[in-house]
Structures are given as C-alpha cells and as structure tokens.
Amino acid sequence: MLLAEQALYTNFGGPEVMKGQLDRLMTAMRLPRLSLGPIPRSARLAIWPGNSFSMFDDKLVLVETYSAEFSVTQPREIELYTKDRAGGTLAFPPTAWSDFVDFSKRQRV
C-alpha cells in the first residue's frame, strides 16, 4: 500500500478521530501481509495521487473515486498503475514511517 505522508496531517473528523485512525494505521503496519510504502511530502510525483487503487495481480486493478469504484482489466491501463506503484521506491523505510505516524499522533494530543 502506498500512502502519502500528507495523509498523516490532513484532519478529517477532529483530533480524536484522527488519533484513532493513526492508531489503526500503526496496528495495520504490523500485519505480515501488508506492505506499506509511504510517499514523502518532498517526493516529486509524476502522477496525481488523488484516487486510491488496489492491485491484486497483473490482471485486475480496483480504482476508488469519490463516487464510484471500477475495475481496470486492460493490460495497457494496468501498466499505468504498476508504474504508479513503483513510485514506492521513493518511500521511507518502514521504521521511519512508524516515526512519522507516532509524531503525527503526538501532535493531536
């Protein structure tokens, strides 16, 4: 999973809601089947990261927008999401990501 660092600082629902979300993220980071690739705020992006998507394999990508979810199955379109996911090479190592989440959580107390 790729997650922009800015998501740690965007306030939806107030301090208590955000603290709960950050606690949930810290728990999820320990799951063995979850690979978290945080994108630093300073990273130069080649694609707008506004929509979330899930890649299950090289045959299906589920894309979520504000109003709908749709499936991408065309190989040339899946390749775009594969390249986007490769942006995770700019990501912080997991230990640094944990520090960012912890810092953001402390800011909300």
Side-chain angles (χ1 to χ4, degrees):
M1 174 193 327
L2 289 176
L3 184 66
E5 178 188 354
Q6 186 58 41
L8 300 176
Y9 305 101
T10 304
N11 187 347
F12 286 104
E16 287 303 311
V17 170
M18 291 305 297
K19 185 176 179 294
Q21 291 294 315
L22 294 169
D23 284 341
R24 174 80 172 115
L25 182 59
M26 290 292 281
T27 300
M29 288 171 55
R30 294 186 204 103
L31 296 172
R33 293 176 47 183
L34 176 68
S35 175
L36 183 63
I39 302 171
R41 287 186 288 185
S42 60
R44 186 175 181 156
L45 302 176
I47 188 169
W48 179 68
N51 296 328
S52 65
F53 65 91
S54 300
M55 289 188 73
F56 297 96
D57 52 30
D58 61 350
K59 302 206 183 331
L60 174 64
V61 176
L62 291 180
V63 180
E64 296 177 24
T65 69
Y66 290 114
S67 62
E69 177 181 281
F70 60 91
S71 301
V72 176
T73 58
Q74 293 294 319
R76 68 182 182 282
E77 292 178 1
I78 290 175
E79 186 177 338
L80 294 171
Y81 291 94
T82 302
K83 286 180 183 177
D84 185 45
R85 190 171 72 176
T89 58
L90 300 172
F92 292 116
T95 54
W97 184 237
S98 180
D99 292 342
F100 275 110
V101 173
D102 190 50
F103 173 77
S104 180
K105 196 165 87 176
R106 285 194 314 261
Q107 297 301 307
R108 301 193 185 285
V109 178

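In this text, all values refer to a predicted model and were calculated from it rather than measured experimentally. Heavy-atom basis, side chains included; hydrogens, waters and symmetry copies ignored.
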>> List the residues meeting side-chain hydrogen bond (donor to acceptor under 3.5 Å, both in side chains) with Arg76, not counting sequence neighbours, and say none if there are none.
In response: Gln74
> Would Ile78 and Met55 count as a side chain to side chain contact (heavy atoms under 4.5 Å, CB included) if you check the C-alpha gap in whole Å, the side-chain angles of each, and the deciding distance to 0.1 Å?
Replying inline: CA-CA 9 Å; Ile78 290 175; Met55 289 188 73; 4.2 Å; yes
> Taking C-beta and beyond as the side chain, do Glu77 and Val61 meet within less than 4.5 Å on heavy atoms?
Replying inline: no
>> According to side chain to side chain contact (heavy atoms under 4.5 Å, CB included), who are the partners of Ser54, at least two apart in sequence or on a separate chain?
In response: Phe56
> With sequence neighbours excluded, what pairs up with Ser71 under the side chain to side chain contact (heavy atoms under 4.5 Å, CB included) test?
Replying inline: Leu60, Leu62
So how far is it from [X] [atom1] to [Y] [atom2], rounded to the nearest 0.5 Å?
X	Y	atom1	atom2	answer
Lys59	Thr73	NZ	OG1	11.0 Å
Thr10	Glu5	OG1	CD	10.5 Å
Phe53	Glu69	CZ	CD	13.5 Å

> Is Met26 reachable from Val17 through a run of I, L, V, M, F, W or Y residues, each pair having side-chain heavy atoms under 4.5 Å apart?
Replying inline: no
>> Looking at every heavy atom in both Leu8 and Leu25, which two are closest together, and how far apart are they?
In response: CD2-CD2, 4.0 Å
> Can you name the closest pair of heavy atoms from Thr65 and Phe70 and give their distance?
Replying inline: CG2-CE2, 3.9 Å
